[in-house]
Participant: 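If you scroll down you'll find the structure; I have some questions about it.
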Amino acid sequence: HENCPHDPWRSPNLALNPRWWNALFAALPVDNLGLEFDPSHLVWQGIDVAEAVRASKGKIFIVHGKDCQVDAQRLAQVGCLGDRWWSYRIPGRGQVDWPALFDALAEVGFDGDVLIEHEDEAFGAQSMAAPEQDEALPLTRLAGDAHGMVQALALSRAYLEPWIRP
């Protein structure tokens with residue numbers, strides 16, 4: 001499960017935070033159930049990313065290389081139920097503490113892949129904000145422009161490379 005807080009009415013997800021995903025793992029104690037760990041979702045929920053890793057030893061199967069930037073001024077104006085107070089960013093352009101994340105991953109013995117997930121509007125990704133209730137997200141909305149995508153992936157890789165073993 002990805003720890004992504006999808007729309008609970010259209011795509012419910014039980015693995016939103018360490019408490020919930022560890023309850024899921026306890027209820028279903030099998031080796032092939034784990035996390036697609038995305039630190040960006042934890043940032044805007046106010047959850048300590050490194051501690052979430054430590055609480056999930058042996059259950060992180062893949063990590064997303066995606067960051068999140070919280071706009072504290074906007075948050076103070078609209079509150080946590082308001083819109084557009086946080087944005088996804090490429091690694092290094094948000095508030096994920098990447099050194100602490102990779103230290104925690106090493107502590108728990110993670111030896112999997114890091115998948116760069118590009119949703120940074122500054123590099124051409126289209127907004128994922130609130131499509132109409134019955135509107136499916138077209139692929140072009142997810143992809144954005146090709147030049148921005150290539151640039152975002154190259155910058156993401158360059159930023160993450162010091163922590164990635166070949």
Participant: Hydrophobic clusters here meaning ILVMFWY residues chained together by side-chain heavy-atom distances under 4.5 Å, can you tell me if Leu160 and Leu105 are in one?
Facilitator: yes
Participant: For Asn22 and Ser56, which heavy atoms make the closest approach, and how far apart are they?
Facilitator: OD1-CA, 4.4 Å
Participant: Check for a donor-acceptor pair, side chain of Asp38 on one end and backbone N or O of Ser40 on the other, with a separation under 3.5 Å.
Facilitator: yes
Participant: Is it possible for you to say whether Met149 and Ile116 belong to one hydrophobic cluster, with membership spreading through side-chain heavy-atom contacts below 4.5 Å?
Facilitator: yes
Participant: Report yes or no: does Asp67 contribute a side-chain atom to a donor-acceptor pair with the main-chain N or O of Gln95 at less than 3.5 Å?
Facilitator: yes
Participant: Which heavy atom of Asn17 sits nearest to which heavy atom of Trp20, and what is that distance?
Facilitator: OD1-N, 2.8 Å
Participant: Arg54: what forms a side chain to side chain contact (heavy atoms under 4.5 Å, CB included) with it, not counting sequence neighbours?
Facilitator: Ala50, Glu51, Ala104, Glu107
Participant: Rounded to the nearest 0.5 Å, how far apart are CG of Leu28 and CG of Leu33?
Facilitator: 6.0 Å
Participant: Report yes or no: do Ile164 and Leu101 belong to one cluster of Ile/Leu/Val/Met/Phe/Trp/Tyr joined by side chain heavy-atom distances under 4.5 Å?
Facilitator: yes
Participant: Report the C-alpha distance between Val43 and Trp86 in whole Å, list the side-chain angles of each, state the deciding distance to 0.1 Å, and finish with yes or no for side-chain contact (heavy atoms from CB on, under 4.5 Å).
Facilitator: CA-CA 9 Å; Val43 168; Trp86 55 268; over 6 Å; no
Participant: Going through the checks in order, is the side-chain contact (heavy atoms from CB on, under 4.5 Å) test met by Cys80 and Trp44?
Facilitator: CA-CA 9 Å; Cys80 66; Trp44 67 262; over 6 Å; no
Participant: Identify the heavy atoms of Ile47 and Leu16 that sit nearest to each other, and give their distance.
Facilitator: CD1-O, 4.4 Å
Participant: Any donor and acceptor pair, going by atom type alone, linking the side chain of Arg93 with main-chain N or O of Tyr88 inside 3.5 Å?
Facilitator: no
Participant: Which atom pair, heavy atoms only, marks the closest approach of Trp21 to Ala15?
Facilitator: CE3-O, 3.6 Å
Participant: So which atom in Asn3 and which in Glu36 form the shortest heavy-atom distance, rounded to 0.1 Å?
Facilitator: OD1-O, 3.1 Å
Participant: Are more than 12 heavy atoms, taken from residues, nucleotides or ligands other than Arg157, located less than 6.0 Å from that residue's CZ atom?
Facilitator: no
Participant: What's the spacing between Gln151 CD and His118 NE2 if we round to 0.5 Å?
Facilitator: 9.0 Å
Participant: If hydrophobic clusters are built from ILVMFWY residues whose side chains come within less than 4.5 Å, do Leu115 and Val63 share one?
Facilitator: no
Participant: Measure the spacing between CD1 of Ile62 and CG of Leu35 and express it to the nearest 0.5 Å.
Facilitator: 11.5 Å
Participant: Do the rings of Trp98 and Tyr159 sit parallel, tilted or perpendicular, given the 30° and 60° boundaries?
Facilitator: perpendicular
Participant: Roughly how far apart are Asp83 CG and Arg74 CZ, rounded to 0.5 Å?
Facilitator: 5.0 Å
Participant: Could you measure the distance from the CZ atom of Arg89 to the NZ atom of Lys66? Nearest 0.5 Å is fine.
Facilitator: 12.0 Å
Participant: Where is the tightest heavy-atom contact between Leu155 and Phe123, given as atom of each residue plus distance?
Facilitator: CD1-CE2, 3.5 Å
Participant: For a 4.5 angstrom cut-off between non-hydrogen side-chain atoms, does Val53 reach Val108?
Facilitator: yes
Participant: Show your working on side-chain contact (heavy atoms from CB on, under 4.5 Å) between Val49 and Asp97 and close with a plain yes or no.
Facilitator: CA-CA 8 Å; Val49 173; Asp97 184 342; over 6 Å; no
Participant: Look only at the side chain of His64 and the backbone of Glu2, and say whether a donor-acceptor pair between them is shorter than 3.5 Å.
Facilitator: no
Participant: Rounded to the nearest 0.5 Å, how far apart are CD of Glu117 and CD1 of Ile90?
Facilitator: 13.5 Å
Participant: Does the plane of the ring in Trp163 sit parallel, tilted or perpendicular to the ring in Phe102? Use 30° and 60° as the thresholds.
Facilitator: parallel
Participant: Can you tell me if CD on Gln73 sees more than 12 non-hydrogen neighbours from other groups inside 6.0 Å?
Facilitator: no
